[in-house]
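Following: one structure in structure tokens, then a few remarks.
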Amino acid sequence: MKNLSSGGAAIVFERPVTTGEVVTVSFFLTEDGIEDPDRPPFECAASVRWSKPRGALGFEAGLQFLSPSSDQRELLKEFLKRAD
């Protein structure tokens, strides 16, 4: 993951993705690289807003989260607040 906000993220993929494609993302919100075993992963459908090749590293894409649950929104909000 390159960056994260309440509305989406830039993520590196191994395969090409196309603008408008809907993908499911699932990731752990870590602190200092450590997962909290009591915190579930953030999982949500997301729409690809842009995509570009990154050479040998795969493809980078900007994603917009689509209708995360209220629990997922709260999880992300709390994480981003601690990260500031």
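FYI, the numbering just counts along the sequence from 1.
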F28/F42 aromatic ring centres below 6.0 Å: no

Closest heavy-atom pair and its distance - F59, P53: CD2-CA, 3.6 Å

For the student: nearest non-hydrogen atoms of L66 and C44, plus distance: O-SG, 3.4 Å

Non-hydrogen atoms of E43 and T24 that approach each other most closely: CG-CG2, 4.0 Å

I11 with L4, same ILVMFWY side-chain cluster at under 4.5 Å: yes

Partner set under ring-ring contact (aromatic ring centres under 6.0 Å, His included) for F13, not counting sequence neighbours: none

Side chain to side chain, V12 and K2, heavy atoms closer than 4.5 Å: yes

Contacts of type ring-ring contact (aromatic ring centres under 6.0 Å, His included), residue F79, not counting sequence neighbours: none

same_hphob_cluster(M1, L75) at 4.5 Å side-chain heavy-atom cutoff: yes

Whether E35 side chain and L29 backbone form a donor-acceptor pair below 3.5 Å: no

Beyond-backbone contact of K77 with Q72, side-chain heavy atoms, under 4.5 angstrom: no

Test: R15 and E21 ion pair at under 4.0 Å: yes

Test item: S51 side-chain N/O and T18 main-chain N/O as donor-acceptor pair under 3.5 Å: no

Side-chain donor or acceptor of N3 paired with backbone N/O of A9 under 3.5 Å: no

Side-chain heavy-atom pair R73, P68 within 4.5 angstrom cut-off: yes

Common cluster, L63/L80, ILVMFWY with side-chain heavy-atom separation under 4.5 Å: yes

